There are 2 protein chains.
Amino acid sequence: MKSKPKGVRRHVTIREVAKAAGASVSTISAALNNSDYVSADMRSRIEVAIKTLKYCPNDLARGLRLQKTHSLAIVVPDLSNNFYIELVRGVKDYSASASYTVLIGDSRESWEEERNYLDSFHRRRVDGVVRVPAMNAVGGRARAVLGNLPVVYADRHPRERDTYVGRVGVDNTQAAESATSYLLSLGHRDIGIITGDASSGTSRDRLRGFISAIRSAKIRLDRSAIQAGHNDMESGHFHAMQLLTRGQRPTAIFCTNNMMALGALAAIQEIGLACPEEISLLGFDDFYWATLLRPRLTVVRQPAREIGMIAARILIDHIEGRVSIPTPALLKTQLVVRDSCCPPKKM
Amino acid sequence: MKSKPKGVRRHVTIREVAKAAGASVSTISAALNNSDYVSADMRSRIEVAIKTLKYCPNDLARGLRLQKTHSLAIVVPDLSNNFYIELVRGVKDYSASASYTVLIGDSRESWEEERNYLDSFHRRRVDGVVRVPAMNAVGGRARAVLGNLPVVYADRHPRERDTYVGRVGVDNTQAAESATSYLLSLGHRDIGIITGDASSGTSRDRLRGFISAIRSAKIRLDRSAIQAGHNDMESGHFHAMQLLTRGQRPTAIFCTNNMMALGALAAIQEIGLACPEEISLLGFDDFYWATLLRPRLTVVRQPAREIGMIAARILIDHIEGRVSIPTPALLKTQLVVRDSCCPPKKM
DNA sequence: TGAATGTCCCAAAACGTTTTGGCTTTGGCT
DNA sequence: AGCCAAAGCCAAAACGTTTTGGGACATTCA
């Protein structure tokens, strides 16, 4: 009655390996973490036992004992946005090189979902998380669900007062300012901007850069030319429509993220305006198929992959006790000029 | 000397909650899994203890004890392909509704990477995995690394002889056949096809459908019009170039996945051909920005999200012992006619 | 007045690892 | 001979949960 395996075969443990190899449990463990003394003979016996039994280490037990899982988590707001895929891959690649494993969360810009992910990762006892907070995470206290897990923020700012271990992104103000200057230099005087939600520091920075560029060009700032979207295609479309159908149509639109640029492009095509001849369009974030669009999109490119890699580095360094002070890392952006901007038509 | 916390604060355990609430460890556990008898008074005391101590359950210990983690894994070959994002979201959404958690792997069409993910998931003791095997996973024995974890295959076939618990995708042969018939009905007689690697059953099926349609139209099959790519943009571009620059240029190209369709479109634009007037282009897999391209891409659409949901359902049903027989589920595809195909020019 | 049944709680054993401290041998050195 | 260090191995204690098999009461029933 005790030897009934009851249908479902369980996993083979280190103990059975020990039996098969004629060794003790502790010796197997020593062999696995190839440290300590273990004779060549014993080692090979253990190896064949592992092979024949198809032993697979249990990371739950390991993590429990070690109080450390050698794993990170990353939560991004939108996996269908290629920018975040690249960022995730950066995190993943750096982590792999430091033999950390990474868990991915896709919050879809929802704080509810993000909280679920953060909680789940915390319960799994990841060693740290890189976080790109969801847009609507304003009221949420991420700290409450994260305990004292080390966090590094990537791309977006921490919204709440939160303690973090690092922060990495681009100089959004400067990037937006120089992008706007580019439009100004083409001769545009009436420029619309579609920003992300004002609750986001990143959006605010980009807007600030825009305004600053307009101001230093001594142009009157038209408040109604500032539209606050939600970083998705729909709102890009909607707000572009707003801009394009009002009395005085702008000659250029600056979108502060790629999804909204796509939505704006859709709106432009829908209305039947010629881009860039009748309306210039400038996006934020590059993506691999931007050159497939007609016109090929002019954008300011962020080093997504690099942001991810640096975030992972900061996090892992901290976890392993190599750095103590918070390091805000500001990376360079790059204006990628393609076909979607040109001088405005003379009227 | 024993009370030195040594810098890093550890996580609070159920034991400390017990102390704070004046209860025993087992009572806390009972309260957490809100079952059994636990008085209202005790329950509330426990709740405040949990709140004030910021207790977060340890899923490692839980999984270890329970021999079950309530989590699934999904491994896809390319996260930057929107089709797989939708699929992942399907898996995620269904799983969430069954209160399972899901881990995501992105193999980038590399068997090495896929193996790493599968291994890592196995060590984490996920309860099952839905797998979309990497293209080059031909020689790999996934079973060797998966032990007897239940697997359901999604989108692509199992390559090796593998035991699986379910399989879900579309009827690729039929889909390709009817897509080809559509091109034939437009009047095309010289159609090129860019397929995925021949090692993939899915690619083979689609090619088979193509050939079958050509045959039943009593058209001579031109072997050189069949190009085997690797499901990425580069090879789509390359093979489209091959097709477009040879002596007798086809009047239509059928790409059996969306990435290759993009590559082909790039090639067409590069050469300066008018699409669809001079060359029709038909893709496989729809994506949210397909309508932003000029021409808007005509594609055969797979219900990506639904595939994911069904895969998750099959897997979870099996895990919880609700189904026994392997169920191959074949979903319907849909031809989404847009602007990239038209009748061929008369010569 | 027992006995039976509920209700509420607890101690201890398990889950699969790693680590600590110790136990034999062996061989080399005085 | 006596001693010591090193090499090779092991038993047992943790890590944080859940579950099992009770124990101590209070209430109800015959």
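Note on naming: letters A, B, ... go to the chains in the order of the sequence lines (proteins, then strands), and numbering restarts at 1 for each one. Being a predicted model, the structure only gives us computed values, none of them experimental.
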- Which residues pass the salt bridge (Lys or Arg N to Asp or Glu O under 4.0 Å) test with Arg45(B), sequence neighbours left out? Asp41(B)
- Salt-bridged, Arg108(A) to Glu114(A), with N to O below 4.0 Å? no
- Message: If the test is side chain to side chain contact (heavy atoms under 4.5 Å, CB included), which one of Asp155(A), Val130(A), Ile307(A) qualifies with Val168(A)?
- Response: Ile307(A)
- Message: Would Asp78(B) and Arg89(A) count as a salt bridge (charged side-chain N to carboxylate O under 4.0 Å, His left out) here? Give the steps.
- Response: CA-CA 11 Å; Asp78(B) 184 8; Arg89(A) 286 182 171 171; 3.1 Å; yes
- Item | Contact residues, residues 38-50 of chain B to DNA chain C [heavy atom, < 4.0 Å] | Val38(B), Ser39(B), Met42(B)
- Message: Within the 4.0 Å heavy-atom criterion, would you say Asp59(A) contacts the bases, only the backbone, or no part of the nucleic acid?
- Response: nothing
- Message: For His157(B), give me all partners under ring-ring contact (aromatic ring centres under 6.0 Å, His included), at least two apart in sequence or on another chain.
- Response: none
- In terms of heavy-atom contacts, Val25(A) and Arg15(A) come closest through CG2-CA, 4.1 Å
- Task: Output all residues satisfying side-chain hydrogen bond (donor to acceptor under 3.5 Å, both in side chains) with Asn58(B), sequence neighbours left out; order by chain, then residue number.
- Result: none
- Residues touching DNA chain D, which here means a heavy atom under 4.0 Å, drawn from residues 60-69 of chain B: Ala61(B), Arg62(B), Arg65(B), Leu66(B)
- Item | Any residue meeting ring-ring contact (aromatic ring centres under 6.0 Å, His included) with Tyr153(B), in chain and number order, not counting sequence neighbours | Tyr164(B)
- Task: Only counting residues at least two apart or in another chain, list the ones meeting side-chain hydrogen bond (donor to acceptor under 3.5 Å, both in side chains) with Ser120(A).
- Result: Arg124(A)
- Message: Between Glu16(A) and Lys19(A), does any side-chain N to carboxylate O distance fall below 4.0 Å?
- Response: no
- Electrostatic pair Asp127(B):Lys68(B) at N-O distance under 4.0 angstrom: yes
- Taking 5' to 3' order, which nucleotide of DNA chain C is first and which is last to have an atom within less than 4.0 Å of a heavy atom in chain A? dG16(C) to dT19(C)
- Item | Ion pair check, Arg305(B) and Asp93(B), cut-off under 4.0 Å | yes
- Note on the structure: Under a 4.0 Å heavy-atom cutoff, the residues of residues 118-126 of chain A touching DNA chain D are none
- Task: Taking the side chain as every heavy atom from C-beta outward, state whether His70(B) and Thr101(B) have any atom pair closer than 4.5 Å.
- Result: no
- The correct set of residues in residues 17-27 of chain A placing a heavy atom under 4.0 Å from DNA chain C is Val25(A), Ser26(A)
- Task: Using five base pairs at each end, measure the axis-to-axis angle across the helix from dT1(C)-dA30(D) to dT30(C)-dA1(D) and round it to 10 degrees.
- Result: 60°
- Is it true that Arg156(B) and Glu109(B) make a salt bridge, defined as a side-chain N closer than 4.0 Å to a carboxylate O? yes
- Query: Is it true that Asp106(A) and Lys92(B) make a salt bridge, defined as a side-chain N closer than 4.0 Å to a carboxylate O?
  - Reply: no
- Full working for side chain to side chain contact (heavy atoms under 4.5 Å, CB included) between Thr27(B) and Met42(B): CA-CA 9 Å; Thr27(B) 304; Met42(B) 173 64 92; 4.0 Å; yes
- Query: Tyr84(A): what forms a ring-ring contact (aromatic ring centres under 6.0 Å, His included) with it, not counting sequence neighbours?
  - Reply: none
